[in-house]
Amino acid sequence: PTLYNTDPSNGNTVNRLGEECRPEEPCYFLHSDMLHEAPVCVGIAHDPEISTAYGTVYWAFDATGNRKNGQLVRFDFQQPHGPGSMDHSVAAVRRYVEIS
């Protein structure tokens with residue numbers, strides 16, 4: 001899954017060259033963080049829990065899972081790295097292999 005900040009006042013969109021987006025060109029969101037542990041993620045839901053510092057916990061179903069049935073996966077981005085960083089290492093990912 002990929003985490004985006006979609007607040008329009010944030011100004012976190014760029015053009016295809018990574019420069020500030022002008023009104024006449026296609027714009028792209030800068031991602032705040034991403035996790036690569038669920039390449040066949042189908043369906044995702046935000047967890048409204050309040051015990052984590054950033055409130056960035058999501059549940060998803062990863063169809064790759066055990067290569068037969070897939071698995072439920074909990075993603076806690078813990079500390080989003082923000083736009084421009086490539087560090088995707090600060091996160092907690094737990095697979096619930098008993099749930100398919």
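Along the sequence shown, residues are numbered consecutively beginning with 1.
Atom CD in Glu25 sits 8.0 Å away from atom CG in Leu17 (nearest 0.5 Å).
Residues Glu49 and Thr56 share a closest heavy-atom pair of OE2-N, 4.5 Å. Of all heavy-atom pairs spanning Pro26 and Cys21, the tightest one is O-SG, 3.7 Å. Heavy-atom minimum distance, Ala60 versus Phe75: CB-CE1, 3.8 Å.
For the pair Val57/Arg74, a side-chain contact is recorded, criterion being any heavy-atom separation below 4.5 Å from C-beta on. The closest side-chain heavy-atom distance from Leu72 to Trp59 is below 4.5 Å.
By the 4.0 Å N-to-carboxylate-O rule, Arg95 lies close enough to Asp62 to be salt-bridged with it.
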